[in-house]
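I have a structure I would like to understand better, so I am pasting it below and will then ask my questions one at a time.
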There are 2 protein chains.
Amino acid sequence: MSDEGSTASVNGRQISRPTLEQVAARAGVGRGTVSRVINGSPRVSEQTRAAVARAVAELGYVPNQAARALAGSRTDAIALVIPEAEARLFAEPYFLDLIRGVSAELAEADKQLLLTLVRTEQERQRFEQYLAAQRVDGVLLASVHGDDPLPDRIRELGIPVVMNGRRSEAEPVPYVDSDNIGAGRAAVAHLVGRGRQRIATVTGPPDMYVARARLGGYLAGLAEAGHTPDEGLVAAGDFTEDGGRSAMRSLLERRPELDAVFAASDVMAAGARAALREAGRRVPEDVALVGVDDSPVARLMDPPLTSVRQPIEEMGRTMARMLLDDVSGTLEDTPKRVLPTELVVRESC
Amino acid sequence: MSDEGSTASVNGRQISRPTLEQVAARAGVGRGTVSRVINGSPRVSEQTRAAVARAVAELGYVPNQAARALAGSRTDAIALVIPEAEARLFAEPYFLDLIRGVSAELAEADKQLLLTLVRTEQERQRFEQYLAAQRVDGVLLASVHGDDPLPDRIRELGIPVVMNGRRSEAEPVPYVDSDNIGAGRAAVAHLVGRGRQRIATVTGPPDMYVARARLGGYLAGLAEAGHTPDEGLVAAGDFTEDGGRSAMRSLLERRPELDAVFAASDVMAAGARAALREAGRRVPEDVALVGVDDSPVARLMDPPLTSVRQPIEEMGRTMARMLLDDVSGTLEDTPKRVLPTELVVRESC
DNA sequence: CAACGACGTGGGAGCGCTCCCATCAGGGGA
DNA sequence: TCCCCTGATGGGAGCGCTCCCACGTCGTTG
């Protein structure tokens with residue numbers, strides 16, 4: 001009775017899960033040999049390998065993860081941390097796409113995805129406890145603000161991290177970002193190409209690098225087209241629909257003659273659209289509109305919104321790959337990757 | 001050197017995590033006593049408890065999760081399984097809301113959320129391996145089709161399961177669903193109240209219970225209003241925008257005189273909206289439209305869409321709570337919970 | 001005044017792995 | 001023929017915890 005593996009009762013019946021030891025007995029080999037086979041070590045003869053494989057199949061053996069983690073001090077799990085506030089704010093499919101990419105990559109590497117939505121400061125601290133409890137081999141961080149100390153703290157704990165986006169131009173922690181400057185430039189270039197003269201922008205909150213970068217792209221685009229920048233044509237939003245609406249109102253008040261708007265997100269573009277309709281401006285006849293994200297709302301807007309697409313899922317995959325490399329020690333130090341964006345033209349300009 | 005806890009190197013420096021043993025030594029008590037304090041056992045004197053708490057704080061002790069799982073055979077982790085295909089199909093925020101609810105509830109109970117997106121049949125099988133590896137204490141299943149054997153298989157493994165939605169009227173596995181029949185009835189009652197006479201419906205795929213239930217609600221609503229059902233007013237979609245569009249086209253062809261449509265999802269309603277526009281029908285003047293989900297696209301449609309809201313986040317919370325109860329053994333057998341839906345009236349009817 | 005619970009406590013015995021060292025055959029070179 | 005090296009294998013020693021039994025030490029009861 002003492003060597004039957006762990007058991008669980010199901011409707012009174014006992015289901016028992018075999019252990020390494022039992023597989024070894026069945027295959028007529030030692031524990032170490034079975035372990036070697038399971039972990040794909042080359043130091044096993046072909047014959048033995050086959051015998052062990054047979055025993056594994058016959059018993060339906062699956063290694064116990066907890067025991068592996070304890071003995072080998074690695075968990076085969078990765079945490080993805082998403083601040084709850086952001087999950088509401090952002091064009092919502094963003095995080096689903098990101099999760100999809102991360103998940104796909106981790107599945108290929110046979111790693112588990114631990115999803116952590118962080119709501120409060122208290123939960124943040126609890127998250128650091130999890131890390132200390134050695135539940136994960138590495139951490140992926142989505143949507144970090146400019147002054148967030150978490151990435152550095154995690155690194156201090158000796159745990160590999162990769163971020164989605166960066167906190168500033170000179171980000172010391174490994175990250176994967178999309179080309180936000182390029183996004184702004186592409187949008188402006190397109191509007192200029194359509195003959196627009198007075199191009200405004202609705203930006204994100206200035207404490208986020210992504211907002212500053214898109215604004216930078218907008219300014220660069222204007223400069224390249226020989227336009228003079230005008231502060232009156234820049235209004236700050238906060239990545240919400242309401243924010244987009246009021247930013248647009250203030251733009252219309254200050255510069256009623258504007259004929260195009262680059263909104264730093266589709267959601268803000270939707271708000272801007274509403275403000276334009278209020279003011280009796282037609283899109284695209286009177287004012288052309290471009291957003292960022294190419295989210296489903298862009299397709300559904302009236303008229304459908306031209307938008308700069310980010311390769312979100314690909315960012316997720318890249319982050320996961322970088323992190324796994326870091327965990328396994330095959331990583332260049334502090335890598336940064338910036339993925340290209342792409343303008344998707346629809347009827348709004 | 002042999003009793004210093006596990007170590008990890010960080011920039012060449014060594015960070016060591018204390019063990020129970022070390023806390024015990026520091027507090028001048030035995031290992032068992034520290035364990036009791038950590039786990040909140042009442043069988044410890046107040047004085048000892050305080051001494052241990054101090055030692056824990058001084059050393060920054062955090063219990064090693066792998067060791068706990070191995071010795072205690074529980075992982076404090078729950079898996080949430082989402083079929084990848086569905087994640088694309090559905091009104092996308094659906095799963096984010098669900099995740100949010102689950103995550104909130106698990107965080108309160110100090111459990112981890114393991115997110116599993118299942119893409120292929122192969123990944124499904126790998127998931128069963130994970131279960132066998134005892135990585136999780138229980139499983140939450142989202143979006144199960146009528147013939148899915150997975151829920152039963154998991155139960156056979158002796159692992160607690162709760163599903164989101166059900167496979168049929170007589171679902172043997174614990175589940176949390178929303179009142180889909182009530183949703184259909186509410187939509188029809190509203191349309192009837194607005195004087196609509198020829199009310200059509202675009203349904204989901206008939207192999208999903210949720211689709212049949214909403215159709216059932218539609219039929220019940222008609223019956224309650226004294227309307228005679230007409231098969232020509234029923235067209236099957238597949239929960240996609242395209243599906244909604246072609247279903248609407250066929251409805252218009254068969255019953256050009258229809259004056260209202262109940263679409264079984266917002267996404268299909270968006271497709272139907274497009275088909276109506278094509279056909280020159282105005283919404284709501286010629287045809288009134290109601291959807292289900294109350295997703296962001298409903299608000300953004302033109303005109304904004306009346307829709308039946310499901311309490312998605314609340315479903316997530318309820319599922320998590322039920323599962324945790326099941327895991328801890330404090331659960332009534334095979335509980336079912338059906339949460340109410342709510343009509344959100346906008347300009348589309 | 002002895003016997004007896006109750007309570008608080010210490011620590012042995014695992015949980016199922018990985019790591020690593022010792023062992024054992026063979027085969028080739030001196 | 002003997003020795004050494006290589007490749008394959010067995011199994012001890014943990015990993016850090018929980019479970020549980022055994023051991024005082026009291027206050028209480030007959």
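Everything numeric here is computed off the predicted structure, so don't read it as measured data. A, B, ... follow the sequence lines: proteins, then strands. Residue 1 opens every chain.
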Looking at B:M163 and B:V144, what are the two nearest heavy atoms and their distance?
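Shortest heavy-atom contact: SD-CG2, 3.6 Å.
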
Once you round to the nearest 0.5 Å, how far does NZ of B:K111 lie from CD1 of B:I78?
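Here the interatomic distance stands at 7.0 Å.
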
Please give, in whole Å, the distance from D:dG16 C1' to B:N64 CG?
6 Å

Between B:A71 and B:G32, who's closer to the 5' end of DNA chain C by nearest nucleotide?
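This one resolves to B:G32.
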
Whole-Å distance separating the CD atom of B:E21 from the P atom of D:dG14
13 Å

Heavy-atom pair with the smallest gap, counting every atom of A:E105 and A:R321
OE2-NE, 3.1 Å

For DNA chain C, which residues in residues 38-54 of chain B have a heavy atom at a distance below 4.0 Å?
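Close to the strand are B:R43, B:V44, B:S45, B:T48.
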
Length of the CD-P vector between B:Q22 and D:dG16, whole Å
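B:Q22 atom CD is separated from D:dG16 atom P by 8 Å.
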
Could you tell me which residues satisfy side-chain hydrogen bond (donor to acceptor under 3.5 Å, both in side chains) with A:T75, sequence neighbours excluded, listed by chain and number?
A:D137

Can you tell me whether the side chain of B:R31 and the base of C:dG12 have a donor-acceptor pair closer than 3.5 Å?
yes

I need the CZ-P distance between A:R135 and D:dC17, as an integer number of Å.
13 Å

Considering only NZ, NE, NH1 and NH2 on the basic side and carboxylate oxygens on the acidic side, decide whether B:D177 and B:K336 come within less than 4.0 Å.
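Salt bridge flag = no for B:K336 with B:D177.
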
Does a side-chain N-to-carboxylate-O contact under 4.0 Å join A:D148 and A:R153?
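No, A:D148 and A:R153 are not salt-bridged.
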
Proximity to the side chain of A:S35 - top-ranked nucleotide from D:dG11, D:dC17, C:dT18:
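When the side chain of A:S35 is considered, C:dT18 is the closest of D:dG11, D:dC17, C:dT18.
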
Between B:T33 and C:dG10, is there a side-chain N or O to OP1/OP2 distance below 4.0 Å?
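Yes, B:T33 has a side-chain N/O under 4.0 Å of OP1/OP2 on C:dG10.
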
Give the rounded distance in Å between these two atoms: CZ of B:R17 and P of D:dC15.
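Distance check: B:R17 CZ to D:dC15 P gives 16 Å.
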
Between the CD1 atom in A:I154 and the CG atom in A:L141, the distance rounded to the nearest 0.5 Å is 5.0 Å

Round to a whole Å and report the spacing from OH of B:Y61 to P of D:dG16.
10 Å

Using whole Å, report how far CZ of A:R74 lies from C1' of C:dG16.
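It works out to 14 Å between those atoms.
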
Ignoring the backbone of A:R36, work out which of C:dC17, D:dG11, D:dC20 is nearest its side chain.
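Nearest listed nucleotide: D:dG11.
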
Can you tell me how far C1' of D:dC15 sits from CD of B:Q65, to the nearest Å?
14 Å

